[in-house]
Amino acid sequence: MAIKFGRPIEMRDVARGTTTGTPPALDLTVRPRRNRKAEWARRLVRENVLTTDDLIWPLFVVEGDRTRSTVASMPGVERLSVDEIVRDAERAAKLDIPCIALFPYTEPSLRDEQGSEACNPDNLVCRAVRAIKKEFPEIGVLCDVALDPFTSHGHDGLIRDGRILNDETVAVLVRQALVQAEAGCDIIAPSDMMDGRVGAIRQALDEAGFLDVQIMAYAAKYASAFYGPFRDAIGSAKTLTGDKRTYQMDNANSDEALREVELDIAEGADMVMIKPGMPYLDVVRRVKDTFGMPTFAYQVSGEYAMIAAAANNGWIDGDRAMMESLLGFKRAGADGVLTYFAPQAAERLRRRG
Ligand SMILES: NCc1[nH]cc(CCC(=O)O)c1CC(=O)O
Ligand SMILES: [Mg+2]
């Protein structure tokens, strides 16, 4: 049977409308637009959905009391003192956001070559975790494991002769993870990209009895220009010497991302993350399809800044761009997104629901 635009030629005249009305100019059997004709119809065929369950909200902690200081390159984002971060944790809990992530702005006087403050059980992050867990034990708390907020040179690891040391750094990261777990952190998230750190941290957590503390590995983390505003927020932008390309991944690679993810899973990661988000959605899809693990994407500071800045200039509808970008992560296969938009997105989802 001959087919024209999907309709058997023999049926043409039948379809051409023997009844009233103007015949359609194109003889189309299939018209995808039919399923988009009204909001109810679009809802009916919608394939992916964003809910508050998908959100992890990153927050910046700073020394002080009742302090909220703005981050110039991240409009709408603030560094919060411990008492204020407890208020934002409450806001997250009320909005049904399952988890928050903590990043410290370390006082410059506390930064040194070794990033020693990372292992201080009373550092800013540990104090924030304890304060949050005391008042809101039901909210998940994720802590980043890496040395860059604590080192005078802004790198994620220890340096000797201009080289970032791997194994020596891992030993420090293990101690950092342990003080965070002792403070009550629920998810340890190594973001340093040293080899072997997930396995070393898992073993140390288990030996210390933290069997239930999860690990979300920043498994495929790229050396990215999109981290700029974050480095402003934690105060490492000015001090960072050189770049992070000997440990963070090359922008051109995606097979390598699968090998990195595979290793972290083998070493005991409970969840894996791809970072940044929007420029690496192909990697999110490949990782999800290949491993079927709980897979997360980090919509990083630069991605947030681009949308926020364009919206503030009136160049795009910020709210819609935010929701569209977040849904993109779901479509790519992510189970959740770390995003500075978390509270706005949750508020918007609540208004709609
Ligand atoms: N290792 C630290 C870390 N953890 C999360 C981010 C970036 C997050 C963001 O840009 O929002 C970074 C910065 C970096 O690797 O330089
Ligand atoms: Mg790795």
Side-chain angles (χ1 to χ4, degrees), residues 56-61 71 73-74 76-77 79 101-106 115 118 125 142-151 153-157 164 166-167 169-170 172-173 176-177 188-202 215-250 253 256-269 272-280 287 296-308 337-342:
I56 298 178
W57 183 14
L59 294 167
F60 296 107
V61 208
V71 180
S73 52
M74 298 180 76
V77 171
R79 303 182 196 88
L102 305 181
F103 298 91
Y105 174 94
T106 307
V125 164
L142 177 153
C143 290
D144 198 85
V145 171
L147 299 184
D148 56 322
F150 310 98
T151 50
H153 44 72
H155 278 287
D156 294 32
I164 309 296
N166 193 87
D167 301 14
T169 297
V170 171
V172 182
L173 298 174
Q176 180 184 14
I188 296 291
S191 73
D192 53 286
M193 287 301 277
M194 297 302 124
D195 297 331
R197 88 284 203 211
V198 170
I201 290 171
R202 183 71 270 164
I215 296 180
M216 180 187 289
Y218 287 73
K221 174 171 177 178
Y222 289 83
S224 173
F226 290 98
Y227 306 149
F230 172 96
R231 292 177 190 166
D232 277 346
I234 67 159
S236 69
K238 280 189 241 68
T239 51
L240 181 64
T241 49
D243 58 51
K244 302 191 177 184
R245 281 189 264 193
T246 68
Y247 46 108
Q248 299 180 347
M249 280 180 54
D250 191 285
N253 299 348
E256 185 188 6
L258 298 187
R259 296 198 298 274
E260 281 280 9
V261 169
E262 185 173 26
L263 278 171
D264 285 359
I265 295 169
E267 290 176 29
V272 294
M273 192 210 296
I274 290 89
K275 176 187 178 196
M278 228 146 67
Y280 298 90
V287 166
F296 291 78
Y298 199 142
Q299 182 177 51
V300 300
S301 56
E303 300 175 62
Y304 172 88
M306 287 193 300
I307 295 175
V337 189
L338 289 92
T339 175
Y340 303 95
F341 285 122

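Counting starts at 1 for both ligands and their atoms, following the listed order.
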- prompt: Looking at residues at least two apart in the chain, or sitting in another chain, which of them share a ring pair (Phe, Tyr, Trp, His ring centres under 6.0 Å) with Phe296?
  reply: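 Applying ring pair (Phe, Tyr, Trp, His ring centres under 6.0 Å) to Phe296 gives none.
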field: Enumerated ligand 1 atoms positioned under 4.0 Å from heavy atoms of Tyr298
entry: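 Per the distance check, 8 (C), 11 (O).
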Subset of ligand 1 atoms that lie under 4.0 Å from at least one heavy atom of Lys244: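 Going through ligand 1 atom by atom, the ones under 4.0 Å from Lys244 are 14 (C), 15 (O), 16 (O).
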task: Looking only at protein heavy atoms, identify the closest one to atom 1 (N) of ligand 1 and say how far it is in Å.
output: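 Here the nearest protein heavy atom works out to Asp156 OD2, 2.7 Å.
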For atom 10 (O) of ligand 1, closest protein heavy-atom neighbour: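 Its nearest protein heavy-atom neighbour is Ser301 OG, 2.7 Å.
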field: Within-2.8 Å protein N/O/S contacts of the Mg ion (ligand 2)
entry: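 Per the 2.8 Å query on the Mg ion (ligand 2), atoms found are Glu260 OE1.
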Got a list of side-chain donor-acceptor pairs under 3.5 Å for residues 188-200, not counting sequence neighbours?
| from | atom 1 | to | atom 2 | distance (Å) |
| --- | --- | --- | --- | --- |
| Ser191 | OG | Asp144 | OD1 | 3.3 |
| Ser191 | OG | Asp144 | OD2 | 2.7 |
| Asp192 | OD1 | Arg197 | NE | 3.1 |
| Asp192 | OD2 | Met194 | N | 2.7 |
| Asp192 | OD2 | Arg197 | NE | 3.4 |
| Arg197 | NH1 | Asp264 | OD2 | 3.2 |
| Arg197 | NH2 | Pro190 | O | 2.8 |
| Arg197 | NH2 | Tyr218 | O | 3.0 |

message: The criterion is salt bridge (Lys or Arg N to Asp or Glu O under 4.0 Å); which residues satisfy it with Arg202, sequence neighbours excluded?
response: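 Applying salt bridge (Lys or Arg N to Asp or Glu O under 4.0 Å) to Arg202 gives Asp206, Asp270.
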Give the contacting part of [X] toward ligand 1: side chain, backbone, both or neither, where contact means a heavy-atom distance below 4.0 Å.
X: Asp148; result: side chain
X: Asp192; result: neither
X: Ala146; result: side chain

field: Check: Tyr227 and Tyr298 side chains under 4.5 Å, non-hydrogen atoms
entry: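 SC-SC contact between Tyr298 and Tyr227 ruled out.
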